[in-house]
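Atoms within a ligand are numbered from 1 in the order they appear, just like the ligands themselves.
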Amino acid sequence: MFELSLLCPEDRVETISEALDALDALSVSVEDADAQTEAEQALFGEPGMPAPKEGWNRSRVIALYPDEAAATEARDLLLPQDFFEGCKILALKPVPEQDWVRLTQSQFEPVDITPEFWIVPTWHELPEQAKVSIRLDPGLAFGTGTHPTTRMCLRWIARQPKGTLGRTLDYGCGSGILAIGAAKFGATDVDAVDIDPAAVESTNYNTSANHVEVRAGLPDAAGGEYQTVLANILATPLKVLAPLLCGRVQAGGNLVLAGILERQADELKEAYAPYLKLEVADSEDGWILMTAQRAA
Ligand SMILES: C[S@@+](CC[C@H](N)C(=O)[O-])C[C@H]1O[C@@H](n2cnc3c(N)ncnc32)[C@H](O)[C@@H]1O
């Protein structure tokens, strides 16, 4: 394959991308041309807030073509166009052959949650010390065990005295990793829900691959009260969900929240104060785990 890359100011990115598409590019991608420099700009805002800006000052637009002739033809047709003014060709070069499957797989190694509890991609041997394991490959839904928020929830699950997890709800299940972890550590009746149907599908796939019983569905599928309620989402939705999540915790049960930054601890405590008293139970890389127990 051949790669044609161009430098474009913000106001030309859309037109150039559409033109490359119309010129039969196999794919067109856009990157910040100033990435990894002092001029790099973030294009995402806090959850629920609009992004500070819609596009980068300067973008690198990369189009892939099946061969050199197609890439050269696209370049030669673009150059004389009015809308090309202010843009620049950066390169026209072959894309080196890669074993993409091997490259992707090499980025996902087994992850230890505790010395004996591991998350292991299916293409890896189980580590010898893994007494409990979850088999999981990266997919469409969040949750491979590498993110600190997921790791802290799993660590909390693994630390609970045997037989105490009881009926468990994983709210915002993503890949289903927390529901599977809870089932492996003895939760008796596990529900996993998510607003994203792809996450529900992914959870169904992963639970059966791990030979555990979990009922996965959209949020309405959660019903009644639970001994353990786990929710690894983000601070803003967690605040909105406070009455709903607290209403699902049975007397003597535990609420476990993640997706919260250290500096957000007080606002979460305040949002949950009318229902339950949240405390910081763990921290990793600037993220915290907050838990609360309902009086028995
Ligand atoms: C950070 S991922 C966590 C995935 C997994 N539980 C883990 O711990 O790795 C958050 C998940 O919550 C889901 N989510 C976000 N807002 C939600 C809401 N209001 N109700 C239910 N699920 C929600 C997202 O679709 C996403 O799959």
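Rounding to the nearest 0.5 angstrom, the gap separating the CZ atom in F142 from the CG atom in D194 is 11.5 Å. Summarising the geometry, atom OG belonging to S27 is positioned 9.0 Å from atom CD1 belonging to I62; distances are rounded to the nearest 0.5 Å. The distance from the OG1 atom of T146 to the CZ atom of R151 is 8.5 Å, given to the nearest 0.5 Å. Between Q160 atom CD and I157 atom CD1 the span is 8.5 Å, to the nearest 0.5 Å.
Ligand 1 has no N or O atom lying under 3.5 Å from any N or O atom of D196, backbone or side chain. For the pair V193 and ligand 1, the shortest N or O to N or O distance does not fall below 3.5 Å. Note: an N/O pair closer than 3.5 Å links N232 and ligand 1 by distance alone.
The protein heavy atom nearest to atom 22 (N) of ligand 1 is I195 N, 3.4 Å. If you check which protein heavy atom lies closest to atom 2 (S) of ligand 1, you get F142 CD2, 3.4 Å. The shortest contact between atom 20 (N) of ligand 1 and any protein heavy atom is with Y171 CE2, 3.4 Å. Shortest contact from atom 12 (O) of ligand 1 to any protein heavy atom: G172 CA, 3.3 Å. For atom 9 (O) of ligand 1, the nearest non-hydrogen atom of the protein is T150 OG1, 2.7 Å. From the protein, the heavy atom lying nearest to atom 19 (N) of ligand 1 is L241 CD1, 4.0 Å. The closest protein non-hydrogen atom to atom 15 (C) of ligand 1 is I233 CG2, 3.5 Å.
Using modelled atom types, one finds a donor on one side chain and an acceptor on the other under 3.5 Å when comparing T122 with D137.
Using a 4.0 Å cut-off between heavy atoms, C173 contacts ligand 1 through its backbone alone, with no side-chain atom that close. Only the side chain of I177 comes within 4.0 Å of ligand 1, counting heavy atoms alone; its backbone N, CA, C and O stay farther away.
Residue Y275 qualifies as enclosed at atom OH: its count of foreign heavy atoms under 6.0 Å is above 12. Counting heavy-atom neighbours within 6.0 Å of E109 CD, excluding the residue itself, gives a total above 12. Within a 6.0 Å sphere centred on CD of E279, other residues, nucleotides and ligands contribute more than 12 heavy atoms. Around the CG atom of D67, the shell of radius 6.0 Å holds more than 12 heavy atoms that belong to other residues, nucleotides or ligands. Within 6.0 Å of atom CD in Q250, more than 12 heavy atoms from other residues, nucleotides or ligands are found, so the atom counts as buried in its surroundings.
Taking every heavy atom of L178 and a limit of under 4.0 angstrom, the matching atoms of ligand 1 come to 6 (N), 8 (O). Within ligand 1, the atoms closer than 4.0 Å to a non-hydrogen atom of G143 are 9 (O), numbered from 1 in the order shown. Of all atoms in ligand 1, listed by their number and element, those nearer than 4.0 Å to a heavy atom of G174 are 4 (C), 27 (O).
Residue contacts with ligand 1 leave out C153, since none of its heavy atoms falls under 4.0 Å from the ligand.
Taking only non-hydrogen atoms, the option from T203, D194, L218 nearest to atom 27 (O) of ligand 1 is D194.
When each of N204, D191, T203, T207 is checked for a side chain to side chain donor-acceptor pair (under 3.5 Å) with R215, only D191 meets the rule.
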